[in-house]
Amino acid sequence: MQNVVIQDFDWLTFSFFFTDDLEEPQEFLNRDRSHIDNTLKLAEEKPIDDYSAVLQRLRKIYHSSIKPLELSYRYNELRQYEITDGEITSKPMVLFLGPWSVGKSTMINYLLGLEETPHQLYTGAEPTTSEFTVLMHGPKLKTIEGIVMAADSSRSFSPLEKFGQNFLEKLIGIEIPHKLLERVTLVDTPGIIENRKQQERGYPFNDVCQWFIDRADLIFVVFDPTKLDVGLELEMLFQQLKGRESQIRIILNKADSLATQELMRVYGALFWSLAPLINVTEPPRVYVSSFWPQDYQPETHRELFLKEEISLLEDLTQVIENRIENKIAFIRQHAIRVRIHALLVDRYLQTYKDKMTFFSDGELVFKDILEDPDKFFIFKSILAKTNVSKFDLPNREAYKDFFGVNPISSFKLLSQQCSYMGGCLMEKVERAITRELPDLLGSVSKKPQSLNCDVTGCGEAPKNRYKKP
């Protein structure tokens with residue numbers, strides 16, 4: 001085989017021909033970050049409030065008043081949810097969800113100022129994030145493997161071990177010495193790819209997302225103008241988000257890449273795509289901006305984009321400032337669900353005992369009750385009790401699966417869950433819901449500090465010295 005030699009070729013003319021029309025590389029200017037530091041109060045030297053005593057009290061209420069009933073009626077097997085000590089004392093969690101390459105990792109880099117640093121998350125036009133990345137505070141830059149995070153009981157991620165070793169290999173923790181991470185934990189997730197099946201990921205992606213969704217204090221669902229279509233995986237994600245609408249913030253990123261008319265069309269298309277998926281009467285709030293360090297494109301609505309960005313940062317600030325109140329409210333909501341579950345199991349068991357006779361087939365009797373609980377007023381009897389809302393009742397079909405794994409005969413009636421020294425399990429939960437947790441919430445709520453009796457006199461209302469007579 002002979003080599004082909006090209007002779008008398010003018011490479012100078014060739015290179016000039018192809019570079020003549022190329023523009024010189026444009027230098028991008030980074031925008032001012034002062035609004036981030038001001039809104040998130042990162043520049044303040046004020047020490048972080050110490051709520052360790054309140055969290056210790058909250059942990060004690062949970063273990064002494066709520067968990068015994070939770071374990072007795074196996075609530076964690078109904079919802080696959082278990083609260084750990086690390087979760088009670090953990091910082092607020094902000095979760096980033098959305099299609100691939102919409103700017104989730106870039107947005108985290110922008111919030112933390114990680115661009116052009118060794119700490120920055122890898123970004124690109126192709127799907128770049130294949131792991132669940134947890135960004136936490138630490139004294140120095142440190143990467144933590146998923147198996148280490150799951151094995152550390154002091155962290156709130158130990159329950160993730162149930163999703164298998166394949167998932168733990170896709171879980172990464174990064175400790176960064178950043179002031180924002182002293183107050184909040186950020187979680188970056190793999191982008192949703194509609195043509196990918198669950199089996200191809202090697203782990204239960206939807207179940208893992210549900211775990212993070214259940215524990216997130218704020219959920220950023222990010223879109224960009226090129227990825228507005230809703231496929232099966234994104235539709236499944238929004239089904240998992242139902243009931244958490246107050247925590248969702250929908251973001252239309254890269255907005256400065258569009259002209260005004262195109263932006264209006266994209267904004268309307270996003271509403272049209274998401275309307276069937278969000279179960280609220282009011283339209284969702286969509287934040288329109290470009291979350292990255294480079295300056296906005298010329299002749300775009302930079303003032304609007306900046307206001308939208310500040311508004312979103314204010315929501316994040318509220319979550320940080322209300323972290324203890326939200327934690328107490330979360331434990332109380334969990335206690336209400338445990339209480340309702342125990343009442344339902346007790347009602348199923350009582351109905352089963354009432355219908356059983358000497359000649360009855362226990363399996364057939366309980367199957368009849370499970371198939372048609374309304375026939376035996378299972379759920380209606382629970383609604384007749386005080387402080388139970390019909391909107392808090394769990395799905396009836398879930399109890400078919402629950403009792404398929406947990407035989408009804410393995411439970412005791414609530415009336416039998418009492419002891420002379422310890423009292424009744426249900427009474428403890430009722431006391432936690434109605435008294436202990438509200439009192440704890442009141443102790444940390446922002447209110448004027450009470451004055452000493454030596455100043456005002458005990459039993460007397462403090463006088464307003466500035467009120468005109």
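Side-chain N/O atoms of Ser443 and Arg57 include no donor and acceptor closer than 3.5 Å. When only modelled atom types and interatomic distance are considered, Lys327 and Ser90 share a side-chain donor-acceptor pair under 3.5 Å.
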Applying side chain to side chain contact (heavy atoms under 4.5 Å, CB included), run through Leu263 and Leu252 and close with a yes or a no. CA-CA 10 Å; Leu263 181 60; Leu252 179 57; 4.2 Å; yes
Check the pair Tyr352, Phe366 against ring pair (Phe, Tyr, Trp, His ring centres under 6.0 Å), reporting the backbone distance first and the verdict last. CA-CA 6 Å; Tyr352 171 72; Phe366 192 64; 5.8 Å; yes
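Side chain of Thr39 to main chain of Ile36: no donor-acceptor pair is present (N/O by atom type, distance under 3.5 Å, no hydrogens or angles). A donor-acceptor pair under 3.5 Å is formed between the side chain of Ser290 and the backbone N or O of Ala255. In this structure, the side chain of Gln240 engages the main chain of Asn206 through a donor-acceptor pair within 3.5 Å. The main-chain N or O of Val288 is found under 3.5 Å from a side-chain atom of Glu308 such that the two form a donor-acceptor pair.
Applying the side-chain hydrogen bond (donor to acceptor under 3.5 Å, both in side chains) definition to pairs two or more places apart or across chains, none involves residues 156-165.
With respect to the salt-bridge test (charged N to carboxylate O, under 4.0 angstrom), the residues Arg323 and Asp217 do not qualify. Salt bridge annotation for Glu371-Lys400: present, with a cationic side-chain nitrogen under 4.0 angstrom from a carboxylate oxygen. A salt bridge links Arg396 with Asp374: the closest approach of a Lys/Arg side-chain nitrogen to an acidic carboxylate oxygen falls below 4.0 angstrom.
Annotation: cation-pi pair Arg347/Phe376 absent, no NZ/CZ under 6.0 Å from the ring centroid and within 45° of its normal.
Note: His341 and Tyr399 have parallel aromatic rings, judged against thresholds of 30 and 60 degrees for the angle between ring planes. Classified by interplanar angle (parallel below 30°, tilted 30° to 60°, perpendicular above 60°), the ring pair Tyr348/Phe379 is perpendicular. Note on ring orientation: taking the six-membered ring where Trp is involved, the planes of Trp211 and Phe157 are tilted (angle from 30° to 60°). Below 30°, between 30° and 60°, or above 60°: for Phe220 and Phe96 the angle between ring planes is above 60°, a perpendicular geometry.
Note: Glu70 CD to Leu78 CG = 11.0 Å, rounded to the nearest 0.5 Å.
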